[in-house]
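Worksheet for the structure shown next.
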Amino acid sequence: MAETLFHKVWNAHRVRTLASGQTQLFIGLHLVHEVTSPQAFDMLRQQGLPVAFPERTVATIDHIVPTSSQKRPFLDVMAEEMTVALERNCRDFGIRLYTPDTDEQGIVHVIGPQLGLTQPGLTIACGDSHTSTHGAFGAIAMGIGTSQVRDVLASQCLAVEPLKVRRIDVNGQLRPGVFAKDVILTIIRRLGVQGGVGYAYEYGGSALDRMSMDERMTICNMSIEGGARAGYVNPDDTTFAYLKGRQYVPKGDAFDKAVTWWRGMASDRNASYDDRVTLDAASIEPTVTWGINPGQAVGVSESIPADADPEALAYMGFTAKSPIRGTKIDVAFIGSCTNGRLSDIEEAARIVRGHKVAPHVKALMVPGSRAVAREAEKRGLHQVFIDAGFEWRGAGCSMCLAMNPDKLEGRQVCASSSNRNFKGRQGSPTGRTLLMSPAMVAAAAIAGEVVDVRTMLEAVPA
Amino acid sequence: MSPQAGPGEKITSVAGRGIPLHGNDIDTDRIMPARFLKVVSFEGLEHHLFEDDRKTNREQHPFSDIRYNEATVLVVNANFGCGSSREHAPQGLVRYGIRAIIGESFSEIFLGNSAVLGLPCFTADHESIEKLQALVEKSPDVTISANVETGAIAAGPLAFTASVPPALRDAFVSGQWDPTSMLLADFGAVREVAHRLPYVAGF
């Protein structure tokens, strides 16, 4: 019978059906970070339980890491305490840990793929909702809470219920200046922030087929913003080419065998879906959020809707029917697990090169991992940003979520390549976030206001 | 405050005073702002529930309103608990004394995190929720009773049917809502699955 990748992966990892009717699902890779794990390790200690599969568990430190100076001990006492706690927990339970003084540290959803830990056909869990990112490789990857982190540590399993699968086809060619970020913002705008509750999103279509792994990760990353706990792309030659040679990927004959297994996990051509949605890639514009959830977005040439949510308008200080273009910004942030990868930095650099950040704008470029930073620096990209007046920072979650010194102040407006424009998300209870692609953030940083990046692309030879 | 149910305890019904919280898409950053996640334990999180919303809306936030001080049943609208997977959000609610949430809909991660803490989330239609919120606002001392098994909600003159997802309902009613021991009950089966997977066994 024709099956989807979701069902194949689910069935390969099903241990048994629990008395409650939930599935006991084996987790192939458990990623751990400092914020959602300390209480889980304490629960293990209280219950006298070991970690069942320490070799299938990998930890990093990302949320609380300062990006200006990463010298230990951190100036923030709590950040240091959380780091020390994770170091001790990983030592006590025999878990690999990438600390800020190792070459491979970075945002958990950036380093998993980069190290080749993230592979097709796996089930992946992490105490972080953006775990959906790893679905880009054809894995079923889900965010979990701390008690579930404890469960996975103790048993390598979760008690979960299967999801329905919605196939989302994006067909055709994206126009110049339109990126993966615009595609996922458009999908969320179309289907709503809770449209995906109960579903895994399977992304496909000719536009997705042509996308790089970085781009597919951006799309899968924000599945949760559309309410879908998991999102994935079927593995293909692009996936295998990305994985080949990475540290934790099988080598030689084993790689060829792995490719055969991975290919077999992809959805069958005639698989049936619980729902289907199709988008025309060419119709997608550079997209900007105007409100307080990621579904409240418009194309950059559009105006804020006439029927815009009054609560969102009041918080943002915007009025219905006014254009989003021309909105003054105070801060520009490029980074995060959504858009902190090398190709994001390259796209932003194309816009920034030869320009200066507007005098009133504070602009941050924060690589998603130390490896991304190294690679960008090798290509001289850091200098492009520094020359333009950006701050070139160390790797971490930075201004996406306000758990480190990078925060908005007062009612600042931030053009941000991150994933959430929730009230207070970037650290000021009255701060305002406009989500957009890294190239759009770069353009806004230079113009000092929201502009259509396509007008700047024409000035820059491709 | 009614004591928090301990692991293994059957949760068949919840009864108590209500607290109405209006608005769709209330995310976990609003329930528990990120700066309060800089902790290595969950203790004391109840003091920071909706802290920023309460500061910016001092007079009107229900969690600042003494009429709802004794509340154990939270009544919310659609997509409650969306966004970040932080368990700190339901941990704060449970530690505050919330024993059930009745709403139009919930994010899946929030629903799962709450279940593991013994906090049932009931789903009902928009009209019933609005009526219940209005009733609690008019009569804060009304007792809301919520039956996990049947989904029956009763409060003063109001009665309607809500639901808890079947697997979670059965888990609450049987006392098996904290899954660690169940997941470890047949560890041989876990090993078997692991060894069948080529990426564990070796390609």
Side-chain angles (χ1 to χ4, degrees), chain A residues 12-16 18-22 24 26 28 35-36 38-39 42 47 52-53 64 78-79 81-82 85 119 121-122 127-129 143-148 150-151 154-157 159 161 193-194 197-198 227 229 250 254 257-258 261 293 311 401-403 420 422-425 429-430, chain B residues 23-25 27 29-30 33-35 37-42 51-53 55-56 78-79 82-88 90-91 105-110 112-113 116-117 165-168 170-171 174 176-180 182-184 186-187 189-190 192-194 196-200 202-203:
Chain A
H13 292 81
R14 175 201 294 277
V15 176
R16 62 192 187 115
L18 300 169
S20 62
Q22 290 173 299
Q24 177 166 359
F26 182 79
V35 178
T36 56
Q39 301 88 346
D42 283 348
Q47 297 173 45
F53 287 78
I64 52 98
M78 269 324 294
E81 187 180 334
M82 292 173 83
Q119 295 173 15
L122 265 66
D128 194 287
S129 61
I144 56 176
T146 299
S147 296
Q148 291 170 313
R150 170 206 57 195
D151 289 343
S155 69
Q156 202 64 23
C157 292
E161 286 177 84
V193 291
Q194 56 169 324
V197 172
R229 194 171 188 178
K257 285 183 190 155
W261 189 70
N293 75 51
E311 183 191 353
L401 89 168
M403 288 198 64
R420 289 187 174 137
F422 297 156
K423 286 181 177 179
R425 170 75 178 183
T430 52
Chain B
N24 294 334
D25 307 315
D27 58 76
D29 273 84
R30 285 171 67 186
R35 61 185 180 281
L37 273 57
K38 275 201 191 171
V39 287
V40 292
S41 98
F42 289 128
E51 183 147 320
D52 292 340
D53 278 6
K55 272 189 191 148
T56 49
N79 202 24
C82 60
S84 159
S85 63
R86 60 190 67 169
E87 187 175 305
H88 306 65
Q91 283 277 358
S105 62
F106 298 89
S107 110
E108 257 167 306
I109 299 180
F110 181 87
N113 285 345
V116 181
L117 302 180
L168 297 181
D170 295 351
S174 63
Q176 295 183 329
W177 43 271
D178 186 358
T180 316
M182 282 189 301
L183 293 174
L184 284 169
D186 190 355
F187 198 65
V190 177
E192 248 172 64
V193 168
R196 266 207 316 269
L197 289 163
Y199 65 84
V200 177
F203 282 103

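Predicted model, so just to flag it, every value in this text is computed and none were measured. Letters A, B, ... are given to chains in the order of the sequence lines, protein chains preceding strands, and every chain is numbered from 1. Because only heavy atoms are used, hydrogens play no part in the values below, and waters and symmetry mates are left out as well, while side chains stay in.
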Worksheet item: Do you know which of A:N293, A:V35, A:T146, A:D128 has the most heavy-atom pairs under 4.5 Å to chain B?
Response: A:T146
Fill in: Contacting moiety of B:V190, where chain A heavy atoms sit under 4.5 Å
both
Discussion item. Is the shortest side-chain heavy-atom distance between A:Q194 and B:S105 below 4.5 Å?
Written reply: yes
Worksheet entry | Carboxylate-amine/guanidinium proximity below 4.0 Å for A:R425 and B:D52 | no
Practice prompt. For residues B:T56 and A:T430, determine if any side-chain heavy atom of one lies less than 4.5 Å from a side-chain heavy atom of the other.
Written response: yes
Worksheet, complete the sentence: Interatomic distance, CZ@A:F422 vs CG@B:D27, rounded to 0.5 Å, equals 4.0 Å
Worksheet item: Using a distance-only test with no angle check, is there a side-chain donor-acceptor pair under 3.5 angstrom linking B:E87 and A:S147?
Response: yes
Worksheet item: Between CD of B:E108 and CD of A:E161, what distance do you get to the nearest 0.5 Å?
Response: 8.5 Å
Worksheet entry | Greatest number of heavy atom pairs closer than 4.5 Å to chain B - which of A:Q22, A:M82, A:K257 | A:M82
Discussion item. I'd like to check A:H13 versus B:L197 (side-chain heavy atoms, cut-off strictly below 4.5 Å). Are they in contact?
Written reply: yes
Fill in: Option that, when pairs with chain B are counted at under 4.5 Å, heavy atom only, ranks first among A:A159, A:G424, A:G227
A:A159
Worksheet item: Is the backbone N or O of B:A171 less than 3.5 Å from a side-chain atom of A:S20, with the two atoms forming a donor-acceptor pair by type?
Response: no
Worksheet item: What's the spacing between B:D186 CG and A:R16 CZ if we round to 0.5 Å?
Response: 5.5 Å
Discussion item. Is there a side-chain contact between B:L37 and A:L401 in this structure, where contact means two heavy atoms from C-beta onward sitting under 4.5 Å apart?
Written reply: no
Worksheet item: Measuring heavy-atom distances to chain A, does B:F110 have an atom under 4.5 Å in its side chain, in its backbone, in both, or in neither?
Response: neither
Discussion item. For B:R30, is there an ion pair with A:E311 - N to carboxylate O distance below 4.0 angstrom?
Written reply: yes
Fill in: chain A contact via B:N24 - side chain, backbone, both or neither, heavy atoms under 4.5 Å
neither
Worksheet entry | B:D25 portion near chain A, given a 4.5 angstrom heavy-atom threshold | side chain
Item to complete: Under the side-chain contact (heavy atoms from CB on, under 4.5 Å) rule, what do A:S129 and B:I109 come out as? Steps first, then yes or no, please.
Response: CA-CA 8 Å; A:S129 61; B:I109 299 180; 4.1 Å; yes
Fill in: Between B:T180 and A:R150: side-chain donor-acceptor atoms closer than 3.5 Å
yes
Practice prompt. Mind checking the CD-CZ spacing from B:E192 to A:F26? Nearest 0.5 Å is all I need.
Written response: 12.5 Å
